[in-house]
Amino acid sequence: QSAIPGDMVKTTLVSLIANNAEYEPQNEISAQLTVKKGKSGTFSVGKNGDYATIQAAIDDIATGIDGPTVINIATGEYNELVTVPEIAGTSETNTITLQSESGNYADVTIFYDHYSEPPYSDDKMAEEYGVFTFSGVDYFTLKNVTVTTTDLTFPSVVHVRNKSRHCTVDHCHVYAERSESATGTDINLIYQYAKNEADCNNDHFAVRNSLIEGGYIGLRIAGTSFVALPKQVGSLVENNTFRNQGSKSLYSPSRDIDFTIRGNVFENTETQKTDFQAIDIETSEGLIVESNSFYINLPVYATAMNIRKASGTAEKHGRIVNNEIALTSPGASTTTGIKLNSPSSCLDIAYNTVLVTGDAELGGGVALYINDQMTDMTVRNNILQVEDGGVVYRFYKETCIDGIAFSNNVLSTTGTSFAKTSSSTTIDTYEDWVQRSGETNSINRAVTFLSSSILYPADESILSQAMPLDF
């Protein structure tokens, strides 16, 4: 029998099972509540709307929803902090969407320019917040709005905490002034925080179709960091533009599971901070980095992808595929297209194009850097081209070559050495490299691209070097 609004529902504990034994309570234990009708439908915020402020609309539906709910925000600037708490009734069907009425993020700006730091506590970070904060809500989408601040002491512009699951930032512009300082003004544009307790992750978080501009870190996705705790799952970063972050564009240090980074553009021509990293990530399994474009032209050394760890399984390999990297920075051995830092297994690096350019007189960069021992890893069907006097491949030590199958790549360097097998030893020629590595069906040839930013071969026949793969 279904309850309707106004009905009183009562439940009584009859027994419980613990340690394979059934127990009955000595006294009656019961609870009751009155069923209330939830909110649903379309509401408006603005001068002539249902609510004057965004937070007033959120507070009203926070009593619960019983159907899909949309809040349209009228064109204008909204000087307020917005926090979305847990809201009863949300589900895959009963979603909440907060969006600009016009569908254009330039028409609605949510801003707040004064951060009040929470008082000290055992878990102060759990109380931190952003201009907009997801705080326990599920199935909530923030869409077609701009969110910003001038106060770089905010930990974030958009903050995600308190087990907010299946939440999405879609078609938004999130920005702050670029910061290059790790102290005091290291603002994250979008930031996740999870307590180091079981069941505290913000699973299935998505950032899609958005412009992430400035800040110290663009997007930080991270679940609980304790090794023994369940890992965060299901993050999706898709079709965004990351522009001119001070330190990192996308940072994820907590070994999440099933993380997909697809179709994004990473641009940086401004930061002066050394060792800029467009992607800095460590995952447990299920990483897909696919069809992203990197355009990095800096006066400091930089890395397009710093993959700390990215193991897959025999049934489901991790994949770094179909990415395009155009990297220009002062010649230095730390300027790197793709770097793998820790032991990983069951990983495919395929169909990527990496072009490293710069000043050969200052040193030389690296297309692919393997910094530890790998197993069951493939490097196939890539174009790896170094034009700053650096090397195609670099390894922490020579034995790191083992465990990797190299084949069907197009490889070129203007440097005097083809590969480095430690900080001080080199393999000087392509032929010597093939003999040591066992690389097969690859060619040593420079590619002429359509332009410095369109890394497609002018001579398409070079693509016939690739071999079909089954993924």
Which atom of [X] lies closest to which atom of [Y], heavy atoms considered:
| X | Y | result |
| --- | --- | --- |
| Gly136 | Ser164 | N-OG, 2.7 Å |
| Ile296 | Ala304 | CD1-CA, 4.0 Å |
| Glu324 | Ile454 | OE1-C, 4.5 Å |
| Gly67 | Thr69 | O-OG1, 3.0 Å |
| Lys195 | Asp123 | CG-OD2, 3.3 Å |

Regarding [X] and [Y], do their side chains bring together a donor and an acceptor under 3.5 Å, going by distance alone?
| X | Y | answer |
| --- | --- | --- |
| Ser291 | Arg262 | no |
| Ser225 | Asn196 | yes |
| Asp151 | Thr149 | no |
| Tyr175 | Asn244 | no |
| Gln232 | Asp256 | yes |
| Asp348 | Thr378 | yes |
| Glu290 | Asn323 | no |
| Tyr351 | Asn322 | no |

Suppose we screen for ring pair (Phe, Tyr, Trp, His ring centres under 6.0 Å). Which residues come up paired with [X], at least two apart in sequence or across chains?
| X | answer |
| --- | --- |
| Tyr396 | none |
| Tyr191 | His159 |
| Tyr393 | Phe406, Trp433 |
| Tyr105 | His173 |

Any chance you could measure [X], atom [atom1], to [Y], atom [atom2], to the nearest 0.5 Å?
| X | Y | atom1 | atom2 | value |
| --- | --- | --- | --- | --- |
| Leu340 | Ile320 | CG | CD1 | 5.5 Å |
| Asn144 | Cys172 | CG | SG | 6.5 Å |
| Asn268 | Tyr295 | CG | OH | 14.5 Å |
| Asp170 | Asn240 | CG | CG | 9.0 Å |
| Asn441 | Asn381 | CG | CG | 10.0 Å |

Applying side-chain contact (heavy atoms from CB on, under 4.5 Å), can you list everything that pairs with [X], at least two apart in sequence or on another chain?
| X | result |
| --- | --- |
| Thr375 | Ser345 |
| Asn239 | Asn209 |
| Thr150 | Asp113 |

NZ/NE/NH1/NH2 to OD/OE distance under 4.0 Å, Lys309 and Glu282: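 Salt bridge: no.
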
Side chain to side chain contact (heavy atoms under 4.5 Å, CB included) assessment of Val265 paired with Glu267: CA-CA 6 Å; Val265 176; Glu267 304 172 349; 3.7 Å; yes

Evaluation steps, side chain to side chain donor-acceptor pair (under 3.5 Å), between Asn264 and Glu238: CA-CA 6 Å; Asn264 303 281; Glu238 184 175 48; over 6 Å; no

Not counting sequence neighbours, which residues clear side-chain hydrogen bond (donor to acceptor under 3.5 Å, both in side chains) with [X]? List them please.
| X | result |
| --- | --- |
| Asp199 | Arg165 |
| Thr185 | Ser179 |
| Arg436 | Glu398, Asp402 |

Intermediate values then yes/no, side chain to side chain donor-acceptor pair (under 3.5 Å), Asn371 and Asn341: CA-CA 5 Å; Asn371 201 40; Asn341 257 315; 3.0 Å; yes

Arg380 and Ser407: CA distance, side-chain angles, deciding distance, side chain to side chain donor-acceptor pair (under 3.5 Å) verdict: CA-CA 5 Å; Arg380 289 178 176 154; Ser407 72; 3.1 Å; yes

Test log, rule side chain to side chain contact (heavy atoms under 4.5 Å, CB included), inputs Lys420 and Thr426: CA-CA 4 Å; Lys420 294 188 74 171; Thr426 62; 4.0 Å; yes

Atom CD of Glu86 with >12 non-hydrogen neighbours under 6.0 angstrom: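 At most 12 heavy atoms, drawn from other residues, nucleotides or ligands, come within 6.0 Å of this atom.
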
Lys143 atom NZ: more than 12 heavy-atom contacts under 6.0 Å: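 No, the 6.0 Å shell around NZ holds no more than 12 heavy atoms from other groups.
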
Audit row: Thr109, Thr148, side chain to side chain contact (heavy atoms under 4.5 Å, CB included) steps and yes/no: CA-CA 7 Å; Thr109 298; Thr148 187; 4.0 Å; yes

Pairs flagged by ring-ring contact (aromatic ring centres under 6.0 Å, His included) wherever residues 212-255 is involved - sequence neighbours left out: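 Pairs touching residues 212-255 that pass the test: Phe242-Phe266.
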
Pairs touching residues 434-461 that satisfy ring-ring contact (aromatic ring centres under 6.0 Å, His included), sequence neighbours left out: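 ring-ring contact (aromatic ring centres under 6.0 Å, His included) check on residues 434-461 returns no pairs.
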
His166 and His204 aromatic ring geometry - parallel, tilted or perpendicular at 30°/60° bounds: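 Plane angle under 30°, so parallel.
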
Chi angles and distances behind the salt bridge (Lys or Arg N to Asp or Glu O under 4.0 Å) call for Arg220, Asp186: CA-CA 12 Å; Arg220 182 187 186 275; Asp186 52 339; over 6 Å; no

Side chain to side chain donor-acceptor pair (under 3.5 Å) evaluation trace for Thr328 with Thr357: CA-CA 5 Å; Thr328 301; Thr357 60; 2.5 Å; yes

Step-by-step side chain to side chain contact (heavy atoms under 4.5 Å, CB included) determination, Ile325 to Asn352: CA-CA 8 Å; Ile325 299 172; Asn352 303 285; over 6 Å; no

